[in-house]
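Residues take their numbers from the sequence shown, with the count starting at 1. The shown structure was predicted, so the numbers you read here are calculated from the model rather than taken from an experiment.
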Amino acid sequence: MKRIGIMGGTFDPIHYGHLVTAEAALHAYGLEEVVFVPSGKPPHKKDYHVTEAEHRYLMTILAVATNARFHVSRLEIDRTGYSYTIDTIKDFRGLYGPQTELYFITGADAILEILTWKNVQHLPELCQFIAATRPGFDLKALDRVFSELPELEGRLHLLEVPALAISSSDIRQRVREGRPIKYLLPETVEHYIYKKGLYRQDHGLDREER
């Protein structure tokens with residue numbers, strides 16, 4: 001059966017932590033490709049400033065351009081309303097059909113909040129999950145999630161990724177403060193950020209991407 005990875009995120013901006021995670025998932029689980037899906041209107045960031053979707057989409061395109069097995073989808077950007085994971089997975093299920101196994105790639109921190117996601121009880125029927133963790137992640141933290149969503153336990157795979165220390169919020173802060181961001185993200189994305197003048201202003205509301 002064909003296996004496809006779906007990596008959702010705000011990608012504000014995309015960085016090497018995202019790319020290393022996608023590459024590790026691709027090889028660890030025999031995925032044929034990973035589709036990056038920049039969120040259009042993320043519901044968990046209603047009260048936070050998020051960079052215009054077209055900028056985040058173009059930075060993601062630049063970041064994956066040299067990897068033939070990485071692709072970018074406009075699905076959430078072109079959809080009206082909030083970007084819910086359940087809607088995205090249903091759309092990909094329709095695109096790829098029943099002969100394809102879908103793997104939703106996200107961070108373990110996001111899995112700890114999965115009970116707040118829209119119609120989450122239906123997600124384990126539609127896809128498996130690959131949760132990226134830092135070394136030393138406390139597996140007991142997942143007990144509460146499994147107790148309320150037991151269907152997830154057999155559909156969740158943990159993937160240790162040391163490079164997860166890089167964060168989008170830190171990169172934004174560095175740009176605002178005039179500190180270097182080289183080697184934290186692809187050079188093409190770095191140049192795009194400076195050319196478009198992104199992240200120079202302090203919007204007062206900021207939050208780590210998940």
Are any side-chain N or O atoms of [X] and backbone N or O atoms of [Y], one a donor and one an acceptor, separated by less than 3.5 Å?
| X | Y | value |
| --- | --- | --- |
| S39 | S83 | no |
| R172 | Y199 | no |
| R93 | G97 | yes |
| T100 | R3 | no |
| T133 | L158 | no |

Does any donor atom in the side chain of H157 or Y103 lie under 3.5 Å from an acceptor atom in the other side chain?
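The answer is no; no qualifying pair exists.
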How long is the gap from [atom1] on [X] to [atom2] on [Y], to the nearest 0.5 Å?
| X | Y | atom1 | atom2 | value |
| --- | --- | --- | --- | --- |
| K196 | T51 | NZ | OG1 | 13.5 Å |
| E151 | E148 | CD | CD | 11.5 Å |
| Y16 | T21 | OH | OG1 | 14.0 Å |
| T106 | L156 | OG1 | CG | 10.0 Å |
| E76 | T85 | CD | OG1 | 6.5 Å |
| F129 | L152 | CZ | CG | 6.0 Å |

CA sep, side-chain torsions, deciding dist, call: Q128, L102, side chain to side chain contact (heavy atoms under 4.5 Å, CB included):
CA-CA 6 Å; Q128 300 199 45; L102 301 179; over 6 Å; no
Mind listing the closest non-hydrogen atom pair of [X] and [Y] along with its distance?
| X | Y | value |
| --- | --- | --- |
| I77 | P38 | CG1-O, 3.7 Å |
| V161 | A132 | CG2-CB, 4.1 Å |
| L115 | R144 | CD1-NH1, 3.5 Å |

Non-neighbouring partners of [X] that pass side-chain hydrogen bond (donor to acceptor under 3.5 Å, both in side chains), sequence neighbours left out:
| X | value |
| --- | --- |
| R174 | D170 |
| E153 | none |
| N119 | none |

Step by step, work out the side chain to side chain contact (heavy atoms under 4.5 Å, CB included) result for V35 and F92.
CA-CA 10 Å; V35 183; F92 275 103; 4.0 Å; yes
Non-neighbouring partners of D91 that pass salt bridge (Lys or Arg N to Asp or Glu O under 4.0 Å), sequence neighbours left out:
R79
Can you spot which of I4, I6, L26 makes a side chain to side chain contact (heavy atoms under 4.5 Å, CB included) with V34?
L26
Proximity of F36 and H18 rings by center, below 6.0 Å:
no
Is the shortest heavy-atom distance from the side chain of I86 to the side chain of V120 under 4.5 Å?
no
Side chain to side chain contact (heavy atoms under 4.5 Å, CB included) evaluation trace for Y192 with H55
CA-CA 9 Å; Y192 185 91; H55 285 312; 2.7 Å; yes
Salt bridge present between E101 and R155 (N-O < 4.0 angstrom)
yes
Side chains of residues 179-189: which donor-acceptor pairs under 3.5 Å do they make with residues two or more places apart or in other chains?
residue: R179; atom: NE; partner: E177; partner atom: OE1; Å: 2.9
residue: R179; atom: NH2; partner: E177; partner atom: OE1; Å: 3.1

Please list, one pair per line, the donor and acceptor atoms closer than 3.5 Å that link side chains of residues 57-74 to other protein atoms, with sequence neighbours excluded.
residue: T60; atom: OG1; partner: R56; partner atom: O; Å: 2.7
residue: N67; atom: OD1; partner: R69; partner atom: N; Å: 2.9
residue: N67; atom: ND2; partner: E23; partner atom: OE1; Å: 3.1
residue: R69; atom: NE; partner: E32; partner atom: O; Å: 3.3
residue: R69; atom: NH2; partner: L31; partner atom: O; Å: 2.8
residue: S73; atom: OG; partner: L75; partner atom: N; Å: 3.0
residue: R74; atom: NE; partner: D78; partner atom: OD1; Å: 3.3
residue: R74; atom: NE; partner: D78; partner atom: OD2; Å: 3.2
residue: R74; atom: NH1; partner: E54; partner atom: OE1; Å: 3.2
residue: R74; atom: NH1; partner: E54; partner atom: OE2; Å: 3.3
residue: R74; atom: NH2; partner: E54; partner atom: OE2; Å: 2.7
residue: R74; atom: NH2; partner: D78; partner atom: OD1; Å: 3.0

Going through the checks in order, is the side chain to side chain contact (heavy atoms under 4.5 Å, CB included) test met by Q201 and R176?
CA-CA 6 Å; Q201 293 184 336; R176 280 196 291 272; 6.0 Å; no
Stepwise, does the side-chain hydrogen bond (donor to acceptor under 3.5 Å, both in side chains) test hold for S168 with D12?
CA-CA 6 Å; S168 298; D12 191 15; over 6 Å; no
